2 protein chains.
Amino acid sequence: MASSSNKRTRIQGINRGIILEAALEVFSTYGFRGSTIDQIAEKAGMSKPNLLYYFPRKEDIYVTVLEDTLEDWLTPFRHIDPEGDPVEELRKYIALKMELSASKPESSRLFANEILHGAPAIQDFLKTNLKRLVDEKAGVILRWIDEGRLAPVDPYHLIFMIWATTQHYADFDVQIRAILPEQTVRPAFFDDATDSILSILLNGIKPR
Amino acid sequence: MASSSNKRTRIQGINRGIILEAALEVFSTYGFRGSTIDQIAEKAGMSKPNLLYYFPRKEDIYVTVLEDTLEDWLTPFRHIDPEGDPVEELRKYIALKMELSASKPESSRLFANEILHGAPAIQDFLKTNLKRLVDEKAGVILRWIDEGRLAPVDPYHLIFMIWATTQHYADFDVQIRAILPEQTVRPAFFDDATDSILSILLNGIKPR
DNA sequence: GAAAAACTTGACTGAATGGTCAAAATGTAG
DNA sequence: CTACATTTTGACCATTCAGTCAAGTTTTTC
């Protein structure tokens with residue numbers, strides 16, 4: 001939670017953190033419109049006016065939570081190393097994304113919900129920061145392909161595919177749990193999923 | 001739209017169809033909680049009480065739209081032919097799903113939103129009908145693998161991967177448009193995406 | 001073409017909910 | 001310990017919105 005601390009007073013630091021944590025849970029479950037300030041306040045253990053003392057509008061809470069989680073999600077992407085071994089770099093990236101889906105599914109769902117509804121709060125961010133970052137990494141992948149170290153695939157679609165697959169396990173969790181045989185959803189489940197994805201994806205892009 | 005016609009009177013058939021069409025647009029854009037009956041009524045060109053004459057509760061409209069679209073999405077899955085060539089069957093399935101994502105993104109988004117929020121309206125369907133169907137198709141894939149006609153991959157994760165990737169192009173459309181270079185989002189765009197996905201996925205599961 | 005059935009709607013109600021306010025409680029600095 | 005700033009909350013307000021109702025209009029039936 002990036003912007004929760006380093007605030008004016010001690011109490012503000014603490015309470016903003018509590019609020020943002022509660023808000024992430026609520027917003028990711030019910031969406032922006034479906035969540036109420038009362039709900040968040042209750043989960044945060046404070047009165048509604050008190051919560052509004054820290055974040056004057058519902059939207060302020062939402063945007064703050066969203067921005068905080070965006071960074072979490074982009075960090076592994078930033079760390080793809082142009083100097084590393086292509087297959088190994090992508091393996092690391094996919095594994096990290098899967099770990100995130102396992103450990104922070106709420107963040108993934110919050111983000112998915114925002115995009116699904118037209119990204120009203122982060123359209124700008126997508127078109128500038130995110131686009132720049134993706135263009136850069138797509139360039140790296142393209143270079144790898146030119147050097148014959150990856151099969152010739154469209155780098156953008158490869159990136160989308162990795163995002164889609166890894167985040168699916170957080171976003172569509174309910175569906176997956178409904179379908180999979182009960183005993184499959186055990187602690188090692190995410191490891192199995194990661195292995196399967198890696199097997200298919202990496203074999204799909206190894207130079208041939 | 002399955003349940004829109006074959007109703008009591010002529011007018012009911014017409015108006016239920018109009019309402020469901022409007023509702024799909026509105027619900028898929030704003031989610032259940034974020035949509036208002038007034039919005040749907042306006043888009044359908046009738047008064048709110050009139051709309052409520054056909055569907056007494058907001059939830060009735062929602063559930064009907066959702067059920068109608070579920071069938072659309074499952075039909076191609078049902079058509080995977082155990083007697084066909086594995087790679088060819090999966091190619092056909094993926095291509096069909098991509099066409100659906102291109103032609104009916106609203107349906108995909110409606111479904112994604114429902115799952116994202118815990119599938120309150122279709123949990124039952126997922127655990128019975130859908131699970132049964134997926135188990136069956138997973139069995140088919142497993143047989144193909146045993147016969148050495150596909151690489152040994154977990155059939156469930158393969159299915160999830162196909163769903164995740166193909167539906168991503170409908171659900172995360174805003175993000176994709178924000179990232180891709182403008183001229184890329186042209187009519188042939190979905191064909192390119194399909195080719196890329198097929199290239200990676202099929203190479204990932206061809207017997208080796 | 002008249003009676004009945006089906007359809008349509010303006011005006012309304014009650015509950016939910018985002019946000020305000022003023023006063024009380026608590027924390028902090030000197 | 002006192003004055004000041006910060007934090008907390010009960011009571012309240014305005015708006016939105018799902019759903020009702022009674023009275024009208026149109027369509028169907030015989």
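All heavy atoms count here, side chains included; hydrogens, waters and symmetry mates do not. Please read these numbers as outputs of a predicted model, since none were measured by experiment.
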Quick one: is C:dA6 close enough that its OP1 or OP2 comes under 4.0 Å of any side-chain N or O from B:Tyr54?
no
For A:Phe160 and B:Tyr169, take the angle between the two ring planes, folded into 0 to 90°, and tell me which bin it lands in: parallel under 30, tilted 30 to 60, perpendicular over 60.
perpendicular
Take the protein atom OH of B:Tyr30 and the nucleotide atom C1' of D:dC17, then report the distance between them rounded to whole Å.
16 Å
Quickly work out the A:Ile40 CD1 to C:dG18 P distance and round it to whole Å.
8 Å
State which of D:dC21, C:dT8, D:dT8 makes the closest approach to the side chain of B:Ser47.
C:dT8
Give the rounded distance in Å between these two atoms: CD of A:Glu59 and C1' of C:dG19.
14 Å
What's B:Phe55 touching, base or sugar-phosphate or nothing? Going by heavy atoms closer than 4.0 Å.
nothing
Output the single nucleotide from C:dG19, D:dT27, D:dT20 whose closest atom is nearest the side chain of B:Arg10.
D:dT27
A:Ile11 or A:Lys58, whichever maps to the more 5' nucleotide of DNA chain C:
A:Lys58
Can you tell me the distance, in whole Å, between the CD atom of A:Glu42 and the P atom of D:dT8?
17 Å
Would B:Asp135 and B:Tyr156 count as having a side-chain donor-acceptor pair, cut-off 3.5 Å?
yes
So, does B:Asn50 get its side chain near the phosphate of C:dC7, meaning an N or O under 4.0 Å from OP1 or OP2?
no
Listed nucleotide nearest any side-chain atom of A:Pro49, set C:dT8, D:dG19, D:dG10
D:dG10
Please give, in whole Å, the distance from C:dC7 C1' to B:Leu52 CG?
14 Å
Please tell me which of the listed nucleotides, D:dT9, C:dA11, C:dT8, lies nearest to the side chain of B:Tyr53?
C:dT8
Side-chain atoms of B:Ile37 come closest, of C:dG27, D:dA18, D:dT8, to D:dA18
Can you name the closest pair of heavy atoms from B:Ser101 and B:Ala170 and give their distance?
OG-CB, 3.6 Å
Considering only heavy side-chain atoms of A:Met46, the closest of D:dT9, C:dT20, C:dC7 is D:dT9
Per nearest nucleotide of DNA chain C, the residue lying toward the 5' end, A:Pro56 or A:Gly34, is A:Gly34
If the plane angle is over 60° it's perpendicular, under 30° parallel, otherwise tilted; pick one for A:Phe111 and B:Phe172.
tilted
Just compare C:dT9, D:dT7, C:dT17 and give me whichever is closest to any side-chain atom of B:Arg33.
C:dT17
Would a 4.5 Å heavy-atom cut-off, applied to side chains only, mark A:Ile61 and A:Phe27 as touching?
yes
Tell me whether the side-chain N/O atoms of B:Arg57 come closer than 4.0 Å to OP1 or OP2 in D:dG19.
yes
Exercise: identify the closest heavy-atom pair between A:Gln123 and A:Gly118:
OE1-O, 3.8 Å
Considering only heavy side-chain atoms of B:Asp38, the closest of D:dC17, D:dT9, C:dT17 is D:dC17
Side-chain (A:Asn203) to main-chain (A:Ser199) donor-acceptor, under 3.5 angstrom
yes
A:Glu136/A:Lys131 ion pair, N-O < 4.0 Å:
no
Let me know the distance between NZ of A:Lys48 and P of C:dT17, rounded to the nearest Å.
9 Å
What is the distance, to the nearest angstrom, from the OH atom on A:Tyr62 to the C1' atom on C:dG18?
17 Å
Between the opening five pairs and the closing five pairs of the helix from C:dG1-D:dC30 to C:dG30-D:dC1, how far apart are the helix axes, to 10°?
20°
Return the value, rounded to whole Å, for the distance between atom CD of A:Gln39 and atom P of C:dA16.
13 Å
Is there a side-chain contact between B:Gln12 and the phosphate of C:dC7, meaning an N or O under 4.0 Å from OP1 or OP2?
yes
